[in-house]
Structures are given as structure tokens and as C-alpha cells.
Amino acid sequence: MRIGIVGAGILGLAVARQMARAGAEVTVLEKEPRIAAHQTGHNSGVVHAGIYYQPGSLKATLCREGAAMLREYCAEHSLPYDEVGKLVVASTRAELPGLRRIAERARENGVPGIAELDAIGLREVEPHAVGVAAVHSPHTAITDFSAVARRLAADVAEAGGSVRLSRPVRAIRQTTDGVAVAAGPERLSFDRLISCAGLGTDHVADLARAGGDVRIVPFRGEYYRLAGWARDLVRGLIYPVPDPRYPFLGVHLTRRIDGEVLVGPNAVPALALEGYSWRRASARDLRGILSWPGTRRMAAEHWHTGLREVYGSLAKHAFVSAARRYVPALVPADLVRTGGGVRAQAVARDGRLVDDFVIDVRGRIVLVRNAPSPAATSSLAIARHIALTVPLTN
């Protein structure tokens, strides 16, 4: 069985490894000159434990399975993996019902070690944090997802597969007995094609003539990092109680595997699919984004939140205020602007921000339509899930 995979991020490489280990002849096609160039390479490194997601959803199931598989994989290959723990903090009493719902959902999802803490208890975990209560997830971890992706690529090669860089997919034609693909200068034939294209999801779907009821709308996540001694004010991960209307988790403090501590991200509508800054804009991308009815309906319903996010992007003190809500010892000089990422967020035709993973099978083509966070955590489990939908015989 010849299987083509579009995208050499952590998910595409995990799928490639899964298929190669099952005996398929695997070819990964990546438009960039390096692997993990987009969402994987701009990831904060958090291995989520599964505390937020709707019980029974793909996110809930595959996040829990994926985190366990990733922990084992990192141990097997001597990759960094550190269970620094996460606090979800209610800063006011008004947030307590939301915090209780998170604790209940975490237990329904089988997240181990969940504890509900009062104001004193949370300071035992994070001495410089404040709040009226918190949920503690001690097994939430951090890793280096780019390093994991490199190891997955090595696994693919060792299993006889191929990862071909600088191969943008230009054409796709599905026939009764296969899929013909033009990628860069090459023309290839596969028995099955699996798209894990992230920000390029809709481009691949359009080439495959596979219209759908969701489209990708890019949201830029911007970060500051803590400078100097301020890094010592945060031991692990400190998160707010998220707004249940959105799949974003709000500005939080994240210790990274390299010792840096990030503050962010926000969720700013990007001006291009790869709009990593305000200067990165694409008229063609914007036309595609704005022509989708769901984008306009989303904007009409959530314009006030959008304006607040844009203001936070332009005003540093908004980030400082968000961070000081949980770690009041921070001052503006402690925060230094650093790199961010772009989230490939699917939006439905009715304007709903799609929360769960979406995997669409069209004949011999499998399209991963929505795989934002916790897709990196879940990547090995998503790969196994996809493998069950792709027969390895004709």
C-alpha cells in the first residue's frame, strides 16, 4: 500500500510513522524546507492532561491516550519530558462555578491526580501565585515538540519511508484505483492520501475538490517571556478559568523545557494563513477567509471580544495586567516580547468555532480538517485513530 501524507508537522509525521510501522510505503510531502515549520515549531510545549474537553469527544479521548503514549515515546527515545504540573486559578469568587466544572470534567475524563485547592493550597504549589481557589493537575507536562517531530521523521526513514521537503502540493486527482499528486517538480501516485496540512488544510481540500462545512480561520497567538529573576516566580503552568464560549484558554504563564517562561497567548485574527505578525498580510488569504460565511457570522457575534484581543496585541500593559492577576509581583520590565504562532482554527458555516478534532474521509483521501491544541499532545493517538480508518489493502 502506497500512502502519501501532506504535512511534516508532528501530526503528519506521527501518522507516517504509524502507517510505515504497519507495512505501508509512506511518502511525506512538506512545502517548507524543514519539518515542524508552523504550528509544531511554534508550540509552547505543553503536554495537556485532558482537563478541559467534553467527555466522550475525540479531544477528550485522544488527549488522554496521546499524553500516555507521548510520555512513553519520550522515555524510549530520551526526549525531554517534565511533569511540572498545572494550576487553573479562579481569581474571583465569580469564577468558582467554572472552576468546579473543570474539576468535574477532568475527573470524568480520567485525568489522574486532580485536586481542588483553596487560596493557601494553591500557594503551596505556586508560592508567588494568588487566587481564591484552583484546580491542580500535577501530571500536566512540558516537552519539546520540535524534537519529538525530528525523532518521528527519523522513525519514518528507518521504516523505509520518505520525508520530502520543499514539495508543495500543486494538484490532486482521485481516481477509482488511486490518487495522483503533483508536488513541487514531482508527480506521484498513491493508493491513499492523508492530509495533515494544518494552516494549508483548505488549500489541499480545494485541490481534492472536497468541499466541506468547516474552513480554517487563522488566529495569531502572541507571547511575552519573563526576563531575568522573574522566571523564578513561576514553577510550572498557571492558567485562568477559560471562557466556555471559546476553544482558547486565555493568557497564561507557561514554563518551557528550556527554562524560559512564556506569558500568553492571546487570540488575534491573523491577516494571512501564516500571519505571524501584523506585517504579514495576504490579500489572497484574506479574500478566502472573509468569503467564508462562517467568518462573517463569527465576527458579527464576537466582534467585541475580537476588539479586546486586538487591543491586547497592541498594548503591552494588557498582557502585564493579565499576568499580574495571577502573579502580582510582576512588573512591566519583566515582560519581553518574543515569538508567537498561528492556530489553524476551523469555523463552521454557521459561525461556530469548532471545538473538537474533525477528520473527514472522502474516498481514498483522508482530510484532517481541525486539529488545533491539544493535537501535538494527542498526535500519536490521532495517528492510531486515523490508521483504523485507512485500510492497508486495496
Does [X] reach the main-chain N or O of [Y] with its side chain, forming a donor-acceptor pair under 3.5 Å?
| X | Y | value |
| --- | --- | --- |
| R192 | I3 | no |
| S378 | A381 | no |
| R167 | G184 | no |
| D191 | M1 | no |
| D356 | K59 | yes |
| N109 | V111 | no |

State whether the number of non-hydrogen atoms from other residues, nucleotides or ligands found under 6.0 Å of [X] atom [atom1] is greater than 12.
| X | atom1 | result |
| --- | --- | --- |
| R21 | CZ | no |
| E25 | CD | no |
| R209 | CZ | no |
| R187 | CZ | no |
| L307 | CG | yes |
| R170 | CZ | yes |

Within residues 122-142 or reaching into it, pairs that qualify as ring-ring contact (aromatic ring centres under 6.0 Å, His included) - sequence neighbours excluded: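 Found none.
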
Let me confirm one number: the [atom1]-[atom2] distance from [X] to [Y], rounded to the nearest 0.5 Å.
| X | Y | atom1 | atom2 | answer |
| --- | --- | --- | --- | --- |
| R105 | E108 | CZ | CD | 7.5 Å |
| I5 | Q18 | CD1 | CD | 10.0 Å |
| I102 | I114 | CD1 | CD1 | 9.5 Å |
| L62 | S379 | CG | OG | 10.5 Å |
| E222 | N266 | CD | CG | 4.5 Å |
| D285 | L273 | CG | CG | 4.0 Å |

Worked check of ring-ring contact (aromatic ring centres under 6.0 Å, His included) between Y276 and H42: CA-CA 10 Å; Y276 291 101; H42 294 81; 4.4 Å; yes

Check: R284/S282 side-chain N/O donor and acceptor closer than 3.5 Å: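 No, no side-chain donor-acceptor contact under 3.5 Å.
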
Residues E301, R352; criterion salt bridge (Lys or Arg N to Asp or Glu O under 4.0 Å); working and verdict: CA-CA 10 Å; E301 182 174 354; R352 174 176 49 88; over 6 Å; no

All salt bridge (Lys or Arg N to Asp or Glu O under 4.0 Å) counterparts of R100, not counting sequence neighbours: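 Once residues adjacent in sequence are excluded, R100 has no partner under the salt bridge (Lys or Arg N to Asp or Glu O under 4.0 Å) criterion.
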
Smallest separation among heavy atoms of Q345 and P372, with atom names: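 Scanning both residues completely, I find the closest heavy atoms to be OE1-CG, 4.1 Å.
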
Only counting residues at least two apart or in another chain, list the ones meeting ring pair (Phe, Tyr, Trp, His ring centres under 6.0 Å) with [X].
| X | answer |
| --- | --- |
| H252 | Y239 |
| Y52 | none |
| F319 | Y224 |

N-O pairing of E309 and R220 below 4.0 Å: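 No, this pair does not count.
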
Close side-chain approach of R215 to V217, heavy-atom, < 4.5 Å: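 Side chain of R215 against side chain of V217, heavy atoms only: no contact under 4.5 Å found.
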
Side chain proximity check, L29 to L188, heavy atoms < 4.5 angstrom: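 Yes; the side chains approach each other to less than 4.5 Å.
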
Sequence neighbours excluded, every pair satisfying salt bridge (charged side-chain N to carboxylate O under 4.0 Å, His left out) that has a member inside residues 60-81: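 Those involving residues 60-81 are E65-R384, R71-E83.
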
